[in-house]
> 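This is the structure I want to talk about, given as structure tokens.
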Amino acid sequence: MYSALATSSLAPSRGKRPLLALALAAALAFAGNSAQAQTQGGTLRAIVQPEPPMLMLGLNQQIPTQYVAGKIYESLLTWTPALEPAPGLAKSWSVSDDGKVYVFELQSGVKWHDGKPFTADDVVFSIDKFLREVHPRARVIITQFVESVTAVNPEKVEIRLKQPFAPFLKAFVSDNMPMVPKHIYDGTDYKTNPTNQTPIGTGPFKLKEWKRGSYIILARNPDYWQKGKPYLDEIVFNVIPDAASRAVAFERGDVQVLRSGDADSVDVRRLKALPNVQYTTSGWEMFSPQAYMQMNQRKPPFDNVLVRRAVMAAVNRKFVVDNIFFGLGKIATGPISSGTPFYDAKVPPYQYDLKAARALIKESGVDLSKTPIKILSYPYGAVWDRLGEYTRQSLEQVGFKVEIEPADAGTWSKRVSDFDFDLTFSFTSQYGDPALGVSRLYLERNIVKGSAFVNNQGYKNPAVDALWDKAATTTSNEERQKLYDEIQRQLVADVANGYLFEIENPTLYSSKVHNLVKSAIGLHDTFADVYLDK
């Protein structure tokens, strides 16, 4: 059965009035969610692990970077839990009847953290130059669809598309389309610009101090464009390498927020039952994150599709979800998560079958004794370490020779970005539409070094590339569904990635914390509305 969500993809509304009304309705809905009196002041204490390699969100989009830097940088839009757009740095927007011209009216009085005004010129630079060059997801969209970005006046931007692109608005998420200051980056080497170490955004919080290995402190931006916000004085992100210590810190009240992965899954159930602890799995609607194995298809043994299929048969994904991740997940059937539009539930699934795995290895003709592999550890906590150990045991049962290589977040990102791995794990976000969050992992033109979240495994299939392009430009949801059905079946047959499970992310937090998760991007949002009981 096809998902009902398959017909609910957000297509651009036609004309100016519908989108202006939508913006107003969304803004009122957001306001209604925080109608009770907020208290000013206080310090929110949280955990960031692993420690992010940097906080320049336009250059690095790893989860820890998103979590911290999402309070520093902003995009033109924000998103409700129902995946409806709401005002961000743009107060309103409109789309032409042909779906090719987008006009954004910007908020007034916005300043960068260094006091310089934020204007339409910054938007033009961010989209047409900075992100087009360096961002692994945004550049795919911009290169393929954006014809021009023009500053109509200091508070109005016009974006013209080469052809209609139904999910274009959904690209405007803080980690996907962050606005960056033109006066700091234009004419420089973006990747070596010294401001990368002291990021300057428009968000409600500024970087105050970063003591590597210990903490990151963000301080209230007194000149934030939303008057009276943020409510917090500071946010302290503690770097605590040990999972048990992180759980103890939350239990003692030393930190007030615990994200998925901050504590071992086995501890979540215990901590959830503590008095004055709130629990939610909301705030991931935009991301619908999916975990998968990346097998480097450039070299043996994973250049052979039969070997990749054998890996899928050798790994018991139900065991992984139930016993390693303690039920916080759902077995993936393919590249598109079940909560994302155009998911196809009819794709034939891979079954756990060691006998079949051994037969596939034999059929492949690959001598596994001559092609030992290394698993590059995924540095996001003990559960991922256990997944690596379990995968090694599973593959050894069917004849692989396997070693595990340890890696911290920076090392993992660098090696995957350079295609320097045999097998590793990853999870990525889907951004509400396959054209935004999924195609980037499989398009041959997105085999580019410099990011860990592109087609790092080296998958190539020109016929599938053509289907991706057609699906992205088709305006009919019915036709898009047919195209994405075909794509999903082919990617699963090719084992373009080793699909593991859809991630369910719990958040635990003190009952003294309010408005923590309000939007479709949850903890990655600005925290402008978060406040603490006195």
Side-chain angles (χ1 to χ4, degrees), residues 46-73 113 130-131 133-139 173-176 178 180-181 184-185 188-201 203 205-218 235-243 246 259-262 287 289 291 294 376-382 384-385 388 405-421 424-429 440-441 448-454 456 521 523-524:
I47 294 170
V48 61
Q49 71 80 31
E51 187 171 15
M54 67 188 307
L55 294 178
M56 204 298 156
L57 194 52
L59 294 174
N60 183 278
Q61 297 82 42
Q62 288 177 265
I63 294 297
T65 303
Q66 291 184 39
Y67 185 32
V68 179
K71 287 78 184 139
I72 298 172
Y73 294 97
H113 291 164
F130 187 96
L131 299 173
E133 180 176 330
V134 303
H135 198 287
R137 294 188 299 272
R139 70 179 170 200
V173 184
S174 58
D175 70 298
N176 210 30
V180 299
I184 289 175
Y185 284 95
T188 74
D189 182 336
Y190 304 149
K191 294 182 180 180
T192 62
N193 190 303
T195 306
N196 295 340
Q197 305 307 315
T198 55
I200 292 176
F205 294 94
K206 300 179 178 183
L207 177 63
K208 177 180 179 180
E209 182 181 2
W210 186 353
K211 185 176 181 181
R212 291 188 181 269
S214 297
Y215 54 77
I216 300 171
I217 301 177
L218 304 185
I235 307 173
V236 177
F237 295 94
N238 296 277
V239 179
I240 306 174
D242 178 65
R246 293 193 292 267
R259 299 175 304 149
S260 172
D262 285 347
F287 303 120
Q294 282 186 307
L376 180 64
S377 293
Y378 194 49
Y380 285 85
W384 296 96
D385 292 338
E405 299 178 287
D408 58 20
T411 300
W412 178 88
S413 179
K414 178 70 165 60
R415 289 193 53 184
V416 175
S417 298
D418 290 340
F419 313 148
D420 179 21
F421 67 97
T424 191
F425 305 98
S426 187
F427 66 87
T428 56
S429 301
R440 61 191 167 100
L441 304 176
V448 289
K449 290 186 175 182
S451 170
F453 305 106
V454 292
N456 305 94
I521 64 172
L523 295 179
H524 297 170

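Numbers for residues simply follow the sequence, beginning at 1. Computed from a predicted model, the values in this text were never measured in an experiment.
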> Side chains of R139 and V448: does their closest heavy-atom pair fall under 4.5 Å?
yes
> Give the minimum heavy-atom separation between L376 and V416, together with the two atoms involved.
CD2-CG2, 4.0 Å
> Parallel, tilted or perpendicular: which describes the rings of Y185 and F130, with under 30° parallel and over 60° perpendicular?
perpendicular
> Decide yes or no for W412 and S426: does some side-chain heavy atom of the first lie under 4.5 Å from some side-chain heavy atom of the second?
yes
> Would you say the side-chain atoms of R259 pair up with the backbone N or O of V48, donor to acceptor, closer than 3.5 Å?
no
> Could you tell me which non-hydrogen atom of I240 sits nearest to which non-hydrogen atom of R246, and how far apart they are?
O-NH1, 2.6 Å
> Of all heavy-atom pairs between Y73 and L55, which one has the smallest distance, and what is that distance?
CE1-O, 3.3 Å
> If you take all heavy atoms of N456 and S451, which pair is closest and at what distance?
ND2-O, 2.7 Å
> Do K211 and I217 make a side-chain contact, defined as non-hydrogen atoms from C-beta onward lying under 4.5 Å apart?
no
> Under the side-chain contact (heavy atoms from CB on, under 4.5 Å) criterion, do S429 and F453 qualify, and how do the steps go?
CA-CA 10 Å; S429 301; F453 305 106; over 6 Å; no
> For P379 versus P50, what's the shortest heavy-atom pair and its separation?
O-CG, 3.1 Å
> Whether the side chain of T65 engages the backbone of M54 through a donor-acceptor N/O pair (distance < 3.5 Å, no angle test) should be reported.
yes
> Hey, what do you get for OG1 (T198) to NZ (K206), rounding to the nearest 0.5 Å?
12.0 Å
> Between E51 and P64, is there a donor-acceptor pair closer than 3.5 Å when you use the side chain of the first and the backbone of the second?
no
> Parallel, tilted or perpendicular, judged at 30° and 60°: which one describes the rings of F427 and W384?
parallel
> In sequence, state the C-alpha distance, the side-chain angles, and the governing distance for Q294 and Y378, and then conclude on side chain to side chain donor-acceptor pair (under 3.5 Å).
CA-CA 11 Å; Q294 282 186 307; Y378 194 49; over 6 Å; no
> Can you tell me how far apart NZ (K71) and CD1 (I216) are? Round to the nearest 0.5 Å.
11.5 Å
> Is the shortest heavy-atom distance from the side chain of I72 to the side chain of H113 under 4.5 Å?
yes
> Is any side-chain heavy atom of P52 less than 4.5 Å from a side-chain heavy atom of N60?
no
> Taking the side chain as every heavy atom from C-beta outward, state whether D385 and P406 have any pair of such atoms under 4.5 Å apart.
no
> Within the 4.5 Å heavy-atom criterion, are M56 and N193 side-chain neighbours or not?
no
> Indicate the atoms forming the closest heavy-atom contact of L523 with Y67, along with that distance.
O-CD1, 3.3 Å
